[in-house]
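We count ligands from 1, going down the list as the structure has it; atoms in each ligand are counted the same way. Quick note: residue numbers are just sequence positions, from 1. Heavy atoms only: backbone and side chains are in, while hydrogens, waters and symmetry mates are out.
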Amino acid sequence: MGISGKTRVCAIIGDPVEHSLSPVMHNAAFKELGLNLVYVAFTVTTRELKDAVLGARSLGLRGLNVTMPHKNAVMAFLDETDSTAQSIGAVNTVLNNNGRLIGYNTDGNGAMIALQENGVYPEEKKMLLLGAGGAAKAIAYQAAQDVEELVILNRTAEKAKKLAEVLRKEFDKKVKGGTLSSEVLEEELETTDILVNATAVGMHPDVDSSPVPSDLLRSDLCVMDIIYNPLDTKLLKDAKAAGAKVVSGIEMLIYQGAVAFEIWTNCPAPVEVMRKAALNELEKQGVHC
Ligand code: ATR
């Protein structure tokens, strides 16, 4: 649909945002459904964040995605934050509901939907989550509600232990935290069904690194990496070689976007169109697909 006087705008704000896949993904989805919406990227520094959010409201933007480094700070400028985003302490999606800005976090939900859409069901399963940073926290929050048992391992063990303690109290589930080391990995992986990497290990340019020694991977594991540059991380290559089922990082990106799309439009997201657009853009950017 061409741009007209009735076109509404959605945008991603962050710094940097030039390489974001969200504009192509959402514009392809808007086009597919014939919606009079357009999605753009705005570089917003920390100093400009408040003005940008107030501006989004006064210009009548329909929605925002919020990325690094504003996922936490943006909360101070919203009218409301849903309980999941509040607990995670981060917002990645904002809906402008007639001038009322409402914050959501679709990262954790996106990750769990990505697993399910790829045939991996969390019920009665043990998940081993690597990392305790922003993305890991969002995933852990959702996973703690869905899985039977959750173990969080992080280089800085204290962060994992603290996160586990919060989740244990909130959901009354088996959740524990510990150190990301070969010894602990060996012990925990023995009883793990789903392994998720939410650390930065293996991300471009560190492409020859993996957070897990390859000899610990087995064919009955499902392994998801949330890194999508490269798409085929060392962890996923090793997992495939071991015969494990793998879910690539682009899946979480697509489904966190799909959930945001549905919040803004109230329409089911055309996931295949979004996947195709995101993969196409990655290829254009020189990421090996
Ligand atoms: P994001 O928003 O992508 O989650 P982040 O909040 O900076 O980014 O978190 C990065 C995660 O990767 C953290 O769990 C970090 O571990 P620490 O909490 O110990 O810093 C993890 N990480 C980064 N580099 C790592 C490395 N070389 N080895 C192990 N873990 C690493």
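Considering backbone and side-chain N/O atoms, Ala136 never comes within less than 3.5 Å of an N/O atom of ligand 1. Residue-to-ligand polar distances place Ala200 within reach of ligand 1: an N/O pair is separated by less than 3.5 Å.
With hydrogens left out, the protein atom closest to atom 29 (C) of ligand 1 is Val201 CG2, 3.6 Å, a heavy atom. Ranking the protein heavy atoms by distance from atom 6 (O) of ligand 1 puts Gly134 N, 2.9 Å first. The protein non-hydrogen atom at the shortest distance from atom 3 (O) of ligand 1 is Ala135 CB, 4.3 Å. Atom 9 (O) of ligand 1 has Gly133 CA, 3.4 Å as its closest protein atom, hydrogens excluded (heavy atom only). Closest to atom 17 (P) of ligand 1 among all protein heavy atoms lies Thr156 OG1, 3.4 Å.
Those atoms of ligand 1 with a heavy atom of Gly131 less than 4.0 angstrom away are 14 (O).
Selection from Asn154, Leu163, Ile152, Leu129 by nearest heavy atom to atom 15 (C) of ligand 1 gives Asn154. Atom 22 (N) of ligand 1 has its nearest heavy-atom neighbour, among Arg155, Met203, Lys159, Glu158, in Arg155. One option in Thr199, Asp107, Ile227 has a heavy atom closer to atom 11 (C) of ligand 1 than any other, and that option is Thr199.
Residues Arg155 and Thr179 have side chains not in contact (no heavy-atom distance under 4.5 Å, counting atoms from C-beta outward). Looking only at side-chain heavy atoms (C-beta outward), His204 and Val207 come within less than 4.5 Å of each other. Contact check for Thr265 versus Leu33: no side-chain heavy atoms found under the 4.5 Å cut-off. Counting only heavy atoms from C-beta outward, the side chains of Ile227 and Leu236 never approach each other to under 4.5 Å. Between Met274 and His26, some side-chain heavy-atom pair lies under the 4.5 Å cut-off.
Atom 31 (C) of ligand 1 is approached by the protein to below 4.0 angstrom, counting heavy atoms only.
Of the candidates Tyr255, Tyr39, Phe30, Phe30 is the only one forming a ring pair (Phe, Tyr, Trp, His ring centres under 6.0 Å) with Phe261.
Within 6.0 Å of NZ on Lys126 lie more than 12 heavy atoms contributed by other residues, nucleotides or ligands.
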Given side chain to side chain donor-acceptor pair (under 3.5 Å), test Asn36 with Thr7 step by step and report yes or no. CA-CA 5 Å; Asn36 200 351; Thr7 304; 2.8 Å; yes

